[in-house]
Novice: 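Got a structure for you, questions after.
All values below were derived from every heavy atom in this structure, side-chain atoms included, with hydrogens, water molecules and symmetry-related copies excluded.
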Amino acid sequence: MIFSLLPEIFCFLMSLVFIIFSLKKQDINFERKAGLILSFINIVLVLLTINHQGLYFSEGYKIDLFSQSVKLLIAIGLFFVFFMADERSESAIKKSYPEFLFFLTSANLGMFMMASAVEFVTLFLSLELSSYSMFVLSGFLKNKKVSAEAGVKYIFIGAVASAISLYGYSLIFGYYVDSSLLSMKFNSITVTKDVMLYIGFIFFLSAFLFKLAVLPFAFWAPDVYQGSDTTVTTYIATVSKVAAVAVLLRIFIYFIPIFESMEKVMLVVAVMTMTLGNVLAVQQKDIKRLLAYSSIAQAGYMMVGIIMMNYKGAAATLFYVFSYLFMNYTVFLVADQIIKEKGDSSIEALRGLSQRSPLLALAMLLALLSLGGVPPFVGFTGKWFIFTSAIDKGYLGLVLIAFLNSVISVYYYLLVARQAYLFEPIDKEPVKTNLFVNLYSYAAIIFIIAAGFYPTLMLSWTEKAIKLLLM
């Protein structure tokens with residue numbers, strides 16, 4: 001048992017290390033290197049447990065390929081975000097750097113637990129651990145009014161979503177008189193049509209729809225993305241999405257008899273989410289706000305795969321969220337380099353990037369085209385798998401609407417790329433980047449192209465993980 005839980009145990013110990021660092025401040029470069037080494041070890045530990053299986057803590061915590069695959073993505077995301085938090089970060093972060101790393105790590109621990117929790121109370125506590133850490137992170141730039149405002153909005157909407165979710169659980173518990181997802185899964189096969197039970201499940205999902213930024217819990221995203229430090233925004237936009245998708249996939253698949261009767265309603269929510277996100281993104285002048293509305297739209301696409309509640313749709317969603325982590329991180333990494341250099345997050349700050357850094361410009365261009373679903377990149381392949389799963393269930397009209405939304409998204413993604421490629425730079429000095437940024441940019445370019453042309457390896461892995469989830 002201990003070996004299977006090594007990633008969680010190590011993540012907890014890693015958070016304690018940062019607490020110790022906060023007692024006696026070290027050089028920021030030392031703290032950063034320690035964080036990178038520890039987060040890399042965490043990735044290795046997840047890889048060592050990738051094929052482990054077991055039920056622990058009175059069958060409330062499940063280890064399998066699905067949970068460990070999700071943890072691998074979360075651990076990789078943390079490692080990437082640690083790289084972004086460097087000596088060029090905001091003064092508030094540099095001043096409290098160990099505390100900043102502590103909250104990132106504790107949020108990561110909560111998401112690890114969310115990936116394996118198969119008991120309602122454990123799942124809710126895991127959610128709260130990750131959420132409260134991110135509430136603090138979103139308002140970390142105390143000296144900036146916009147950051148404080150973002151933190152307050154995030155806390156308020158998050159608290160409302162959590163309260164609704166907890167009330168939903170009380171309704172579910174009143175029906176099943178049980179808190180184990182596994183036992184409730186078997187009992188749901190013969191479930192009767194009880195309106196309050198359906199309301200309970202809808203309410204319970206509120207907190208996770210909030211994390212994924214699905215309507216009506218999406219309005220926090222633009223302000224929080226813009227007001228938070230870019231490192232925090234990146235973490236919220238990538239890693240937290242992975243954890244939310246994992247929980248939603250598990251709940252929708254475990255309770256198919258319940259959600260089948262709500263399928264069309266949930267699909268309308270998914271369509272409204274992707275449409276609102278894409279339409280409002282067109283008007284944005286700030287890169288972080290644009291990516292916020294983009295993430296809302298992307299959540300709509302993910303919801304389509306989740307709502308299919310079958311093997312093909314779930315595997316396609318897991319494939320897409322894996323790709324999304326890297327695509328979105330690539331755009332945020334490039335934006336972060338420009339924001340740290342110029343202190344400006346407007347789209348115009350990217351003017352002439354292709355002349356100042358051809359590598360960053362190319363990586364950003366391919367990531368944007370991939371997010372828009374342009375072939376032959378990995379984002380197109382992921383959306384293709386999701387849409388074909390919907391077509392198989394007879395939702396051709398839904399796929400046409402999703403396709404039109406993708407066309408809209410390509411338009412505003414190209415508006416960003418236009419600044420990088422079609423305008424002369426105001427400052428012609430090359431963008432200063434470190435070795436990691438350069439290596440990651442090359443790796444992202446290769447991944448976006450290669451996984452688009454040859455998705456078989458990654459898809460077979462996600463299919464195998466979903467098979468265990470369906471058991």
Novice: For the OG atom of S162 and the CZ atom of F124, what is their distance to the nearest 0.5 Å?
Specialist: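 Between S162 OG and F124 CZ, I get 5.0 Å after rounding to 0.5 Å.
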Novice: In terms of ring plane angle, is the pair F120 and F204 parallel, tilted or perpendicular, where the classes change at 30° and 60°?
Specialist: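 Taking F204 first and then F120, their aromatic rings stand perpendicular (interplane angle over 60°).
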Novice: Which value, rounded to the nearest 0.5 Å, describes the distance between Q419 atom CD and M364 atom CE?
Specialist: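 Atom-to-atom, Q419:CD and M364:CE are 9.5 Å apart.
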Novice: Using every non-hydrogen atom in the two residues, find where I347 and V416 come nearest and quote the distance to one decimal.
Specialist: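 Smallest heavy-atom distance, with atoms named: CG2-CA, 4.1 Å.
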Novice: Do side-chain atoms of Y421 reach the backbone of L362 as a donor and acceptor pair under 3.5 angstrom?
Specialist: yes
Novice: Looking only at non-hydrogen atoms, find the nearest pair between A161 and F210 and report the distance.
Specialist: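 What the structure gives for the nearest pair is CB-CB, 3.8 Å.
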Novice: Using modelled atom types and a 3.5 Å cut-off, is there a donor and acceptor pairing between side-chain atoms of T275 and backbone atoms of V271?
Specialist: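 Yes, T275 side chain to V271 backbone: donor-acceptor pair under 3.5 Å.
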Novice: Exactly one of V245, T273, L248 should register a side chain to side chain contact (heavy atoms under 4.5 Å, CB included) with M303. Which one does?
Specialist: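 So the option named by the test is L248.
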Novice: Assess, by modelled atom type and distance only, whether the side chains of N278 and Y412 contain a donor and an acceptor separated by less than 3.5 Å.
Specialist: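 There is such a pair (donor and acceptor under 3.5 Å, judged by atom type) between the side chains of N278 and Y412.
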Novice: So which pairs with a foot in residues 375-389 pass side-chain hydrogen bond (donor to acceptor under 3.5 Å, both in side chains), sequence neighbours left out?
Specialist: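 Checked against side-chain hydrogen bond (donor to acceptor under 3.5 Å, both in side chains) - neighbours excluded - the pairs reaching residues 375-389 are K383-S406.
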Novice: What distance separates T233 OG1 from Q226 CD, expressed to the nearest 0.5 Å?
Specialist: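 Those atoms lie 9.5 Å apart.
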Novice: Is a side-chain donor-acceptor pair under 3.5 Å present for D64 with S67?
Specialist: yes
Novice: Quick one: sort the F135 and Y132 rings into parallel, tilted or perpendicular, breaks at 30° and 60°.
Specialist: perpendicular
Novice: Distance-only, no hydrogens or angles: does the K241 side chain make a donor-acceptor pair with backbone N or O of V321 under 3.5 Å?
Specialist: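 No, the answer is negative, given that no donor and acceptor are paired below the 3.5 Å cut-off.
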Novice: Decide whether K71 and S116 meet the rule of one side-chain donor and one side-chain acceptor closer than 3.5 Å.
Specialist: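 Yes, side-chain donor-acceptor contact under 3.5 Å.
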Novice: Taking the six-membered ring for Trp, are F319 and F385 parallel (under 30°), tilted (30 to 60°) or perpendicular (over 60°)?
Specialist: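 Ring orientation, 0 to 90° scale: perpendicular.
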Novice: Go through the steps to decide whether Q298 and Y320 satisfy the test side chain to side chain donor-acceptor pair (under 3.5 Å), and finish with yes or no.
Specialist: CA-CA 10 Å; Q298 297 291 338; Y320 190 71; 2.3 Å; yes
Novice: When you compare the side chains of N108 and Y235, does any donor N or O come within less than 3.5 Å of an acceptor on the partner?
Specialist: yes
Novice: State, to 0.1 Å, how close T317 and M302 come at their nearest heavy-atom pair, and which atoms those are.
Specialist: CG2-O, 3.7 Å
Novice: Quick one: do the Y324 and S295 side chains pair a donor with an acceptor below 3.5 Å?
Specialist: no
